[in-house]
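Single-structure report; data block below.
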Amino acid sequence: MAQSLAGSPVIAARGVESEPWAVSMQRVTNLTSDVLTPSEMWYAVQRVRSGLPMQALAQQRNIRFVIPAEQVRKMRADPDIGGDIGDFDESFGATRNVTHVMTATFRSVTRFNSLGNDRSDLYYAEFEMLDMASGVPVWTDRFEFKRRAKGKVWD
Amino acid sequence: MTIRVTKIPALVLLAALTELLCLLTACQAGPDTVLINHVANGQYGQARAHVLTNLTQDRSDRAYLLDRMKLAVVTLDDGYPEMAQTTFESVYNILRTQGINRDNTVASVVLTENVKFWKGEPFEQALAMIYYGCQQAAMGYWDNARAGAQSSLFNLKDFSGHFATGQDKPQLIDTEAILQRSIAYERAKAKGGDPDTATKQPDTSDFLNSGYAVHESDFVLGYMLNAIANRQLARDQEAQDNFAVAVRIKPDLAPLARELRGGNYNTVLVVGWGLGPQKVAYGPDGSLAKFTPRYLSDSAGLIVRVQAGGASGGTSGGTSEGGMQTRGVYPIVTDVNRMAADHMWNNLEDVRKAKSLIGDVMLAGGLIAAGVGVDQRNETAIYAGLGAAAAGLFLKATAHADTRHMEVFPQRFYIVPLQVAGPGDVIMLQVEGKPGSRLLLTGLAPPAPGQPALLRMVRLVSTANAPQWATSGQILYANDVAPASPGSQPSGPDMRPYIAGGRSSQPPTARAMAAYHQAGHYNGMTSNELANIYRAEGLYWDIGDMGGIGGKHLLEGGNIVLSPQAGTTGFARLFGQLHPPYRPRSEELKALIK
C-alpha cells in the first residue's frame with residue numbers, strides 16, 4: 001500500500017511545502033457475506049496502514065493521519081471525559097482540519113475445492129482517499145486477505 | 001471343570017434389562033422449564049443468570065452451542081447488544097465457518113479435528129443468524145446486520161419431489177415420511193430392483209444425502225432484515241430485490257414493505273412474542289423428532305400506538321385513544337411454528353430409526369440365545385445372549401431422538417418502522433387479542449441527523465396478564481441512557497446512588513458524580529473514590545471487566561450497573577418499577593451511607 005500510495009501521481013507531485021493534508025480514516029464498511037467484528041476489520045486496516053511510512057509522508061509530502069471522526073464522537077460522549085464534564089467538548093477534534101477522508105470497503109468471494117469440503121473465503125479491501133473539498137478520489141487501491149474454513153460435513 | 005449353571009428366571013432377566021433401558025432413556029433431557037418460565041414472564045435478567053450458571057464448557061457436547069445460543073438470545077432480548085457480542089461471535093464461528101455445503105445448504109453436525117460440533121436444526125441456525133444480524137444493527141452496524149441476514153438465507157433440502165402429487169401426496173411431509181421413502185428406495189436397491197420405481201427419482205447412491213432438490217430459502221424475516229439493512233447502506237436495488245422476494249413469499253407484507261422502502265422512519269423495532277415450538281420424540285422407540293407448538297399460531301397483528309412527548313394529543317394522523325395515536329396494526333413476518341413444521345427446516349432422524357430397528361432384531365435374538373443357553377446349561381451361550389440383548393437395549397436407548405432444542409426463540413416476529421421524535425415519546429405495543437403482551441417502551445431517542453436508523457429488538461411478555469412494569473410507561477431511576485420521566489426525576493435525597501438508598505442507577509462516572517454534587521451530596525468526593533466503593537461491593541460497569549458476559553442488573557439483585565438500551569423490554573423492566581432497597585456489604589459503603 002505504501003508503494004501504491006507513494007506512487008500515485010497526485011501524491012508523488014507533493015513536497016514538503018505543499019498545502020498540508022489531514023487524512024481521517026472512516027469506519028470500515030463490510031460488504032462481505034460474513035459478519036466481521038469491528039476488531040477484525042480495524043486490525044486488517046491497521047496491518048495495511050502499518051506498512052505506510054508515516055514519518056516520510058509527514059516530512060516529505062506534508063500528509064498527516066488524524067484521529068477518525070468516529071473516535072472523536074465517542075470521546076465527546078464519554079461520561080468520564082466528554083463534553084459536559086471533561087475536556088473533550090464540542091470543540092475537541094475541530095482542530096484536526098480534516099482535508100481528506102480515507103474509506104475502506106471489504107468484499108468477498110467464496111470458493112470451494114473440487115471435493116466440496118474445503119472452503120476459502122477470499123476477502124479484499126478497497127481503499128479510497130477522497131478530497132473533501134471536491135469529492136474527487138485522489139487515490140484508490142485494493143488488497144486481498146484470505147480466510148479458510150475446513151471441516152468435514154456430517155448430516 | 002464343572003460349570004455351575006443356575007437357571008436365570010426369565011422375569012428377572014427381563015426386569016434387569018428393562019431397568020437398564022429405563023436408566024438409559026432417562027438420560028434424555030426434558031425442556032428447561034425454569035428458563036422457559038423466566039422468558040415467558042419477560043425476566044430476561046433471571047434467564048441470563050440461569051443460563052450462565054448451567055453453561056457447558058465441553059465443546060463436543062451438543063449443549064455447547066445450544067447454551068451459547070440461549071445466552072446470546074436472552075441477552076439481546078434484555079436490551080444488551082454489546083454484552084451479547086462475545087457470545088454471538090462464538091455462536092457465529094461455529095455456525096458459519098464450518099459445514100457450509102457446496103450447494104449452500106447447511107449441515108447439522110460438523111466433524112472437525114475429531115470433535116463433533118452440533119449446529120442445530122436449520123431453522124434454529126437461521127434464527128440464530130437473524131438474531132446476530134439484529135444485534136449488529138442494534139449497535140449501529142448495518143453492514144454486519146446485512147451479512148447476518150444474508151447468512152440466514154442459506155438453501156434448503158427439499159424432498160417433496162419424491163412424493164406423488166394429488167391424492168397420494170401426504171398432507172405433511174415430515175421426517176417420518178422421508179424416512180419411509182428412504183427405506184423403500186434402499187430396500188428396492190438391495191433387492192436388485194429399480195429404485196426409480198420406488199421413488200420416481202434418478203438413481204443415487206445415498207438417498208438422504210443426494211436425493212433432495214436444492215430450494216431457495218423462504219425465511220421471510222431474513223429477506224426483510226436484509227432489505228432494511230441494504231436500504232440503510234443506500235444499496236437500494238438490493239433492498240428492492242429482497243423486499244420483492246419477501247412479498248412474493250408472504251403477500252400480506254406488501255404494505256409493510258412499501259413503508260420500509262419509503263424510508264420515512266428513523267427507528268425499526270423487531271418484535272418477538274411467545275415461545276417457539278417444543279421438540280418431542282415420536283415413532284418407533286421415540287426415534288423420530290418433531291416440533292409441536294407451545295404457543296399456537298394465529299394471524300393476530302401487532303397494534304402500535306405512540307404518545308408523543310409523553311403529553312396528550314400528539315402528532316397528526318391515526319386514531320387517538322387516551323392521548324395515544326394508533327400508528328397501525330402490523331402483520332406477522334415469520335411464524336416459527338410453521339417454519340419448524342416444514343421438513344425443509346428440519347434434521348433427518350433416519351439414522352436413529354435404523355439403530356432402533358437393529359436393536360429390535362438384536363434384542364429378540366439375544367433373549368432367545370440366553371434362554372437356549374440356560375436350557376442347555378451353556379454358560380457361553382447365556383452370556384453371549386445377554387450381551388447381545390444388552391447391546392440391543394443400548395442401541396434402542398441411543399436410538400431415541402435427542403429432544404434438546406432452543407426453547408427461547410419467540411413463536412413469531414413482527415417488524416415496525418417508526419419515526420421517533422424524542423426520548424419523551426412513549427410507544428405502546430400489543431398483540432391483538434393478547435392483553436398480557438402489552439408493553440410501553442420509553443426513553444427511545446432518535447438517531448443524530450445524518451445517521452442511519454436505529455434498530456431495537458423488543459421481546460414482549462408472553463403471559464396472560466401484563467406485569468405492572470410493562471405498562472407503567474415511566475422511567476423512575478436516573479440512568480446513563482435516557483432521562484427520567486418528568487415528575488419522576490430523582491432529586492434531593494433521591495439523587496444518590498441506588499446502593500446508598502437513592503434512585504440513581506448510573507455507573508460511578510464523572511458525569512454521575514457531578515449530578516450528585518449538584519444535588520448537594522458527597523461534596524469533595526471524586527468519581528474515582530465512588531468507583532472504589534462500587535468495586536468493594538463487587539459491582540461491574542465495564543463489559544471488559546466482566547469478561548464480555550454479564551449476569552443480572554444491580555436493581556434485580558445482580559452485580560452489573562450497565563443500563564440496557566432505551567426502548568427495550570429490559571429498560572422498561574428495570575426502570576419502570578421501584579425495586580427493594582439495596583443491602584450494603586462493604587464497610588466503605590456503610591461509612592458513605594452514614
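Chain A is the first sequence line, chain B the second, and so forth, proteins listed ahead of strands; every chain is numbered from 1.
- For chain A, no part of B:F88 is nearby; none of its heavy atoms comes within less than 4.5 Å.
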As a quick check of understanding, evaluate side-chain contact (heavy atoms from CB on, under 4.5 Å) for A:L31 and B:L233, giving each step before the final call.
CA-CA 10 Å; A:L31 294 182; B:L233 296 170; 4.2 Å; yes

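- The main-chain N or O of B:A510 is found under 3.5 Å from a side-chain atom of A:D80 such that the two form a donor-acceptor pair.
- In B:E216, the CD atom is not crowded: 12 or fewer heavy atoms of neighbouring residues, nucleotides or ligands sit closer than 6.0 Å.
- Annotation: B:Y534, atom OH; neighbour count of heavy atoms from other residues, nucleotides and ligands within 6.0 Å is above 12.
- At a 4.5 Å heavy-atom cutoff, the contact between A:T32 and chain B is made by backbone atoms alone.
- More than 12 heavy atoms of other residues, nucleotides or ligands shown are found within 6.0 angstrom of CD on A:E128.
- When heavy atoms are compared at a cutoff of 4.5 Å, B:Q85 approaches chain A solely by way of its side chain, counted from C-beta outward.
- Per-residue counts of heavy-atom pairs under 4.5 Å with chain B were compared for A:N30, A:D78, A:T37; the largest is that of A:N30.
- Around atom CZ of A:R64, no more than 12 heavy atoms belonging to other residues, nucleotides or ligands sit under 6.0 Å away.
- Residues A:D34 and B:Y92 are in side-chain contact: their nearest non-hydrogen atoms beyond the backbone lie under 4.5 Å apart.
- Atom CE of A:M132 is surrounded by 12 or fewer heavy atoms from other residues, nucleotides or ligands within 6.0 Å.
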